[in-house]
Amino acid sequence: MGVPERWWPDGPAELAAVQAELGARSPAPWRPPADRPIRIGGCFCCFPRGVEGFGERGDPLWVAAVTYEDRRRIASAVRGDRARAPYVAGLLAMREGPALAAAVSELSVLPDVLLVNATGRDHPRAAGLAYHLGAALDLPTVGVTHRPLLATGDWPADEAGAAGTLTLAGAPVGAWVRTRAGRRPLVAHAGWRTDPGTAVEVVRQATGTARTPVPLREARRLARRARALR
DNA sequence: GCGACAG
DNA sequence: ATCTTGTCGC
């Protein structure tokens, strides 16, 4: 993945500069291959229970990454690490970026596209963590969150698969997606080399019986299990 | 000035 | 992110 310091600087101003540079890029669009099963990955980062709020530099954390092909998990990686900074909206990369990048890099089989618990182009500098992580790893990414950061748009109909575009400054940056009827929709974010349409398609394909896409759920489960093992 | 604000 | 409490549905 190249030199870590180049992608994950320590200071807010330095990170903002990296985001501005990355956000101005227009990487070649990636599209899911139609001739073979698509490998979808997911990564997740969790923190100690009982510690609420924004946290701080040095907080212990656990990260997990997985690769799925068809309905099966074909690779996984779990590790413990430390946060680089407290949580600050718009600067999430400074807190979790390096740890997530390290976990994904340890996968024996990389996915075609990676699901990240973060925003993508829906960001002040068009470079949320999902987009940023993809650029750092040279891997197409799709962001998945409970709500948008800055983008706005109406909720879709209450039926599985329904989607509603989210725009920021007039540009489509993601979409609300109803992965399960009767449940709150989640947000599929355009990330590194993916547009809103692709993001929705990947989320739909990765979703099983639960609201959260399978690879993301599994990465979350593994990270929390590692935390439980202390 | 005040509220909002990914995880 | 994590925690608490309450409510609804199977």
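Lettering follows sequence order; numbering is per chain, from 1. When reading the values below, keep in mind they use all heavy atoms of this one structure, side chains included, and skip hydrogens, waters and symmetry mates.
The side-chain hydrogen bond (donor to acceptor under 3.5 Å, both in side chains) pairs that include a residue from residues 200-217 of chain A are A:R31-A:E201, A:H146-A:R211, where partners are two or more places apart or lie in different chains. Residue pairs meeting the ring pair (Phe, Tyr, Trp, His ring centres under 6.0 Å) criterion with at least one member in residues 179-217 of chain A, sequence neighbours excluded: A:Y131-A:W192. For residues 86-101 of chain A, the pairs satisfying side-chain hydrogen bond (donor to acceptor under 3.5 Å, both in side chains) are A:D59-A:R95, with sequence neighbours left out.
Of the residues in residues 139-166 of chain A, A:T145, A:H146, A:R147, A:P148, A:L149 come within less than 4.0 Å of DNA chain B through at least one heavy atom, sorted by number. Applying a 4.0 Å cut-off to non-hydrogen atoms, the residues of residues 118-129 of chain A that approach DNA chain B are A:A118, A:T119, A:H123, A:G128, A:L129, listed by residue number. Contact check of residues 56-68 of chain A against DNA chain C (heavy atom, cut-off under 4.0 Å) returns no residues at all.
Proximity of A:V113 to A:V142: side-chain heavy atoms (C-beta onward) are separated by under 4.5 Å at one or more points. Residues A:T165 and A:D154 form no side-chain contact, since every pair of their non-hydrogen atoms from C-beta on lies 4.5 Å or further apart. At least one side-chain heavy atom of A:L107 sits under 4.5 Å from a side-chain heavy atom of A:V104. Here the side chains of A:V187 and A:V177 are not in contact, with every heavy-atom distance at 4.5 Å or above.
The pair A:R73-A:E69 fails the salt-bridge criterion, with no side-chain N (NZ, NE, NH1 or NH2) lying under 4.0 Å from an Asp/Glu carboxylate O.
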Test log, rule salt bridge (charged side-chain N to carboxylate O under 4.0 Å, His left out), inputs A:D112 and A:R36: CA-CA 11 Å; A:D112 294 308; A:R36 64 178 174 79; 3.1 Å; yes
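Scanning both residues, A:R84 and A:D10, for their nearest heavy atoms gives NH1-OD1, 3.9 Å.
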Under a cut-off of 3.5 Å for both distances of each Watson-Crick or G-U pair, what dot-bracket string does DNA chain C give, using [ ] for crossing pairs and | for inter-strand pairs? ..........
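With sequence neighbours left out, the ring pair (Phe, Tyr, Trp, His ring centres under 6.0 Å) criterion links A:W176 to A:W155. Residues passing the salt bridge (Lys or Arg N to Asp or Glu O under 4.0 Å) test with A:R178 are A:D158, sequence neighbours excluded.
A distance of 11.5 Å separates CG in A:D138 from CG in A:L133, rounded to the nearest 0.5 Å. Distance check, rounded to the nearest 0.5 Å: SG of A:C43 to CZ of A:R220 gives 13.0 Å. Expressed to the nearest 0.5 Å, how far CG of A:D195 lies from CH2 of A:W30 amounts to 10.5 Å. Rounded to the nearest 0.5 Å, atoms CD1 (A:I40) and CG (A:L115) are 6.5 Å apart. To the nearest 0.5 angstrom, A:L166 atom CG is 11.0 Å from A:L150 atom CG. Here the CZ-CD distance, from A:R225 to A:E218, works out to 8.0 Å after rounding to the nearest 0.5 Å.
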Close N/O contacts between protein and nucleotides 2-5 of chain C (under 3.5 Å):
residue: C:dT2; atom: OP1; partner: A:R227; partner atom: NH1; Å: 2.7
residue: C:dT2; atom: OP2; partner: A:R224; partner atom: NH2; Å: 2.7
residue: C:dT2; atom: O3'; partner: A:G50; partner atom: N; Å: 3.3
residue: C:dC3; atom: OP1; partner: A:R49; partner atom: NE; Å: 2.5
residue: C:dC3; atom: OP1; partner: A:G50; partner atom: N; Å: 3.3
residue: C:dC3; atom: OP2; partner: A:R49; partner atom: NE; Å: 3.2
residue: C:dC3; atom: OP2; partner: A:R49; partner atom: NH2; Å: 3.4

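Boundaries of the chain A contact region on DNA chain B are B:dC5 to B:dG7, first to last in 5' to 3' order (nucleotide atom under 4.0 Å from a heavy atom).
Of the candidates A:T145, A:L216, A:L100, A:N117 forms a side-chain contact (heavy atoms from CB on, under 4.5 Å) with just one, namely A:L216.
DNA chain B contains no stems of three or more consecutive Watson-Crick or G-U pairs with both distances under 3.5 Å.
For A:R49, the CZ atom sits in a loose shell: 12 or fewer heavy atoms of surrounding residues, nucleotides or ligands are nearer than 6.0 Å.
Using a 4.0 Å heavy-atom criterion, one finds that A:L186 contacts no nucleic acid atom at all.
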